[in-house]
There are 2 protein chains.
Amino acid sequence: MTDTGIGPFIEHLKKRVPFTERELNEILSCFQEKRIKKRQFIIQPEFIARHRNYVLKGAFRAYVIDDSGEEHTIQFAIEDWWISDYNSYIYQTPATMFVVALEDSVILQIDYDSEQRLKAAHHRYETWFRIMAERSAAYQQRRVISNLTRTAEQRYDDFVERYPLIVQRVPQYALASYLGMTTEFLSRIRNKKVKKKS
Amino acid sequence: MTDTGIGPFIEHLKKRVPFTERELNEILSCFQEKRIKKRQFIIQPEFIARHRNYVLKGAFRAYVIDDSGEEHTIQFAIEDWWISDYNSYIYQTPATMFVVALEDSVILQIDYDSEQRLKAAHHRYETWFRIMAERSAAYQQRRVISNLTRTAEQRYDDFVERYPLIVQRVPQYALASYLGMTTEFLSRIRNKKVKKKS
DNA sequence: CTTATTTCCTGACCTGGTTCATTTTGGGAG
DNA sequence: CTCCCAAAATGAACCAGGTCAGGAAATAAG
C-alpha cells in the first residue's frame with residue numbers, strides 16, 4: 001500500500017491563495033483522508049452530502065437517474081479535482097446524485113460544519129472558498145453554453161481536446177451520458193473518426 | 001421620470017448577510033445607478049465585462065451567437081436579479097455574450113476593481129460574494145441537469161412553473177433559445193396545451 | 001391612422017440522434 | 001487459461017425536434 005502524499009493538495013491550496021504554514025496546517029486539520037474502493041458510493045440520493053471531496057488519487061463519477069431510468073453523468077473527477085453533489089452540500093438538503101468511485105481511490109474530505117467554521121475563522125479561508133465557487137459557476141456556465149450551441153460530435157471533440165486524460169479513464173457510456181448522447185451514438189462518432197484517418 | 005428607489009437592493013443585501021448601516025453605506029458607495037433604454041447593449045463580445053449589474057427595474061437578456069449565426073439565450077434578469085457575462089467578468093477576459101435590455105431599465109453597477117477592493121476590505125463583504133457565487137454555481141448545475149434529463153416540453157413546463165413572471169415579459173424566441181429549442185417548436189408546444197384545455 | 005418591422009403561427013418535409021435487438025470485444029475472477 | 005459478464009459495436013427502424021417557407025398578428029414608428 002503506497003502512501004499517497006498530500007503534497008498535491010497543498011500545492012492546490014497555495015495556487016489560489018498565498019496561505020502561511022500555520023494556515024495550511026489549520027486547513028489540513030479539517031480534512032480526513034479516506035480510501036474508497038472501486039464501485040463504492042460516497043454519495044447517494046436521499047442522503048445529505050456531508051462532505052466536499054478532493055481526489056488525491058483515483059477517479060469518480062457523479063450521475064443522476066431520470067424518470068425513465070436513464071443515467072446522466074453530471075461530473076467526473078480525477079486527481080486534483082473536487083467532487084460532491086453541489087446542491088445537496090451547500091444547502092444541506094437530500095442529494096439527487098450518486099457519486100461512485102471508478103477506480104480504487106484516495107480522497108480528502110472536509111465536512112460541512114468544519115467548512116463553515118473555517119470560513120468564519122479567517123477572511124483568507126473565506127476568500128479561498130469564494131474563488132472556488134466562482135470558478136465552479138463559470139465552469140458550469142461554459143457547459144450550459146456548450147450544450148446549447150454545439151452538436152453532439154462537436155461536444156465530443158471539445159471534450160477530447162480539453163480533457164484527454166479523462167477520456168482514457170472513464171467508460172464510454174459514462175462519457176456519452178456526460179456529453180448528452182447515447183453510448184451508441186458516441187460509438188458511431190468514434191468509429192467514423194477511425195475510418196477517416198485511413 | 002419616476003425615482004426608482006434602491007430599497008429592494010438594500011433588502012437584497014441584508015437577506016444574505018446581516019450588514020450594519022455603515023457597511024451598507026460603504027457597499028452602496030461602490031455602486032452606480034444607470035438608466036438603460038430598450039435594445040441598448042450593456043455587454044458585447046470582444047469587450048471585457050467591466051461590471052456586475054443588479055436590475056432595479058426592467059429586464060435583460062444575455063445571449064451568445066453560435067458558428068451558424070443562431071442566438072442562444074444564456075440568462076434572463078428582471079428586478080432583483082444580477083446579470084453580466086460571468087466568465088468575462090470574473091476572469092476579466094473578452095466577453096462572448098451580448099447583454100441587452102428588453103425594456104427601459106434601471107440598474108446598479110459595481111465595477112471590477114471596486115468589487116476587488118470591497119472583498120479585500122472586510123471579511124463580511126467577501127462572505128457575501130462567496131454566497132452569491134455558490135448559489136450561482138448551484139443554479140447553473142441544476143440547469144445542466146435539466147438540459148440532460150428533461151425533454152423540450154418538460155423544460156418549458158418547469159420554466160413556466162418556476163418563473164411565470166419572466167415568461168410573460170420576454171419574447172418567445174428568446175425563451176425558446178434559453179430552453180434549447182426553436183421558436184417554432186415552442187409555438188407548437190404552447191398551441192398543443194391551449195387545445196387540450198378545450 | 002398607415003405603414004413597416006418584428007414576432008408568432010402553421011404546414012410539409014427533413015435529419016441528428018434514439019431505440020431496440022443482436023453480435024463482438026475485452027477485462028477481470030477463479 | 002478459460003469462462004463469464006459488462007461494455008462496445010453494428011444494423012435497421014423510428015421519432016423528437018429542426019428547417020424552410022409563407023402568412024397572420026402584434027408593435028413600433030412616422
Side-chain angles (χ1 to χ4, degrees), chain A residues 37-40 59 61 63 66-73 76 100-104 146-160 166-198, chain B residues 37-40 59 61 63 65-73 76 98 100-104 146-160 166-198:
Chain A
K37 283 237 176 300
K38 183 169 176 172
R39 272 174 254 271
Q40 189 181 332
R61 165 180 174 243
Y63 63 97
D66 70 16
D67 301 341
S68 50
E70 299 292 330
E71 291 183 7
H72 301 271
T73 301
F76 293 111
V100 66
L102 295 171
E103 312 171 356
D104 289 352
S146 155
N147 282 339
L148 288 175
T149 60
R150 318 273 296 156
T151 65
E153 181 165 2
Q154 289 172 331
R155 292 194 305 271
Y156 172 70
D157 292 342
D158 293 348
F159 192 90
V160 169
I166 293 184
V167 175
Q168 279 148 22
R169 280 171 76 175
V170 305
Q172 180 171 110
Y173 68 84
L175 179 54
S177 80
Y178 177 91
L179 296 172
M181 66 185 87
T182 58
T183 179
E184 291 95 329
F185 196 67
L186 178 50
S187 171
R188 271 154 241 236
I189 288 174
R190 280 179 152 165
N191 200 275
K192 198 177 63 180
K193 287 182 196 300
V194 174
K195 276 191 195 148
K196 267 194 188 154
K197 280 194 185 156
S198 52
Chain B
K37 281 237 176 301
K38 183 169 179 174
R39 272 174 249 272
Q40 189 180 334
R61 166 178 173 242
Y63 64 95
I65 295 188
D66 70 18
D67 301 341
S68 49
E70 299 292 330
E71 291 183 6
H72 302 270
T73 301
F76 293 111
F98 297 85
V100 67
L102 295 171
E103 312 170 356
D104 289 353
S146 155
N147 281 340
L148 289 176
T149 60
R150 317 274 294 156
T151 64
E153 182 166 2
Q154 289 172 331
R155 292 194 306 271
Y156 172 69
D157 292 341
D158 293 350
F159 192 91
V160 169
I166 293 183
V167 175
Q168 280 150 20
R169 279 171 77 175
V170 305
Q172 181 171 135
Y173 67 84
L175 178 54
S177 80
Y178 177 91
L179 295 171
M181 66 185 87
T182 58
T183 178
E184 292 94 330
F185 196 67
L186 178 50
S187 172
R188 269 152 239 225
I189 288 175
R190 280 178 152 167
N191 200 275
K192 198 176 64 179
K193 288 184 197 297
V194 174
K195 275 192 195 147
K196 267 193 190 154
K197 280 193 187 159
S198 52

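Small disclaimer: the values here were computed from a predicted structure and weren't measured. Just so we're on the same page: letters track the sequence lines, and every chain starts at 1.
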Footprint string (nucleotides 12-30 of chain C, 5' to 3'): B base within contact, S backbone only, - free, heavy atoms under 4.0 Å: B----BBBB----------

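Side-chain atoms of A:Q172 and A:S187, non-hydrogen and from C-beta on, do get closer than 4.5 Å to each other. In this structure, A:R188 and A:K192 have side chains that are not in contact, with every pair of non-hydrogen atoms separated by 4.5 Å or more. Side chains of B:L102 and B:R169 form no contact here, defined as non-hydrogen atoms less than 4.5 Å apart. Using a 4.5 Å heavy-atom threshold, the side chains of A:F76 and A:R61 count as touching.
Scanning DNA chain D 5' to 3' for nucleotides with an atom closer than 4.0 angstrom to a non-hydrogen atom of chain A gives a first and last hit of D:dA7 to D:dA12.
Under a 3.5 Å cut-off, the side chain of A:T73 and the backbone N or O of A:A174 do form a donor-acceptor pair. In this structure, the side chain of B:T183 does not engage the main chain of B:A176 through any donor-acceptor pair within 3.5 Å.
Whole-Å rounding puts the B:N191 CG to C:dT10 C1' distance at 9 Å.
In this structure, OH on B:Y173 lies 6.5 Å from CD on B:E71, to the nearest 0.5 angstrom. In this structure, CG in A:L179 is found 10.0 Å from CG in A:D157, a value given to the nearest 0.5 Å.
A side-chain donor from one of B:R190 and B:Y156 sits under 3.5 Å from a side-chain acceptor of the other.
When the C1' atoms of four end pairs are superposed on the next four at each end of the helix from C:dC1-D:dG30 to C:dG30-D:dC1, using five pairs per end, the two resulting axes differ in direction by 60°, to 10°.
A salt bridge links B:D67 to A:R150: at least one charged side-chain nitrogen sits closer than 4.0 Å to a carboxylate oxygen.
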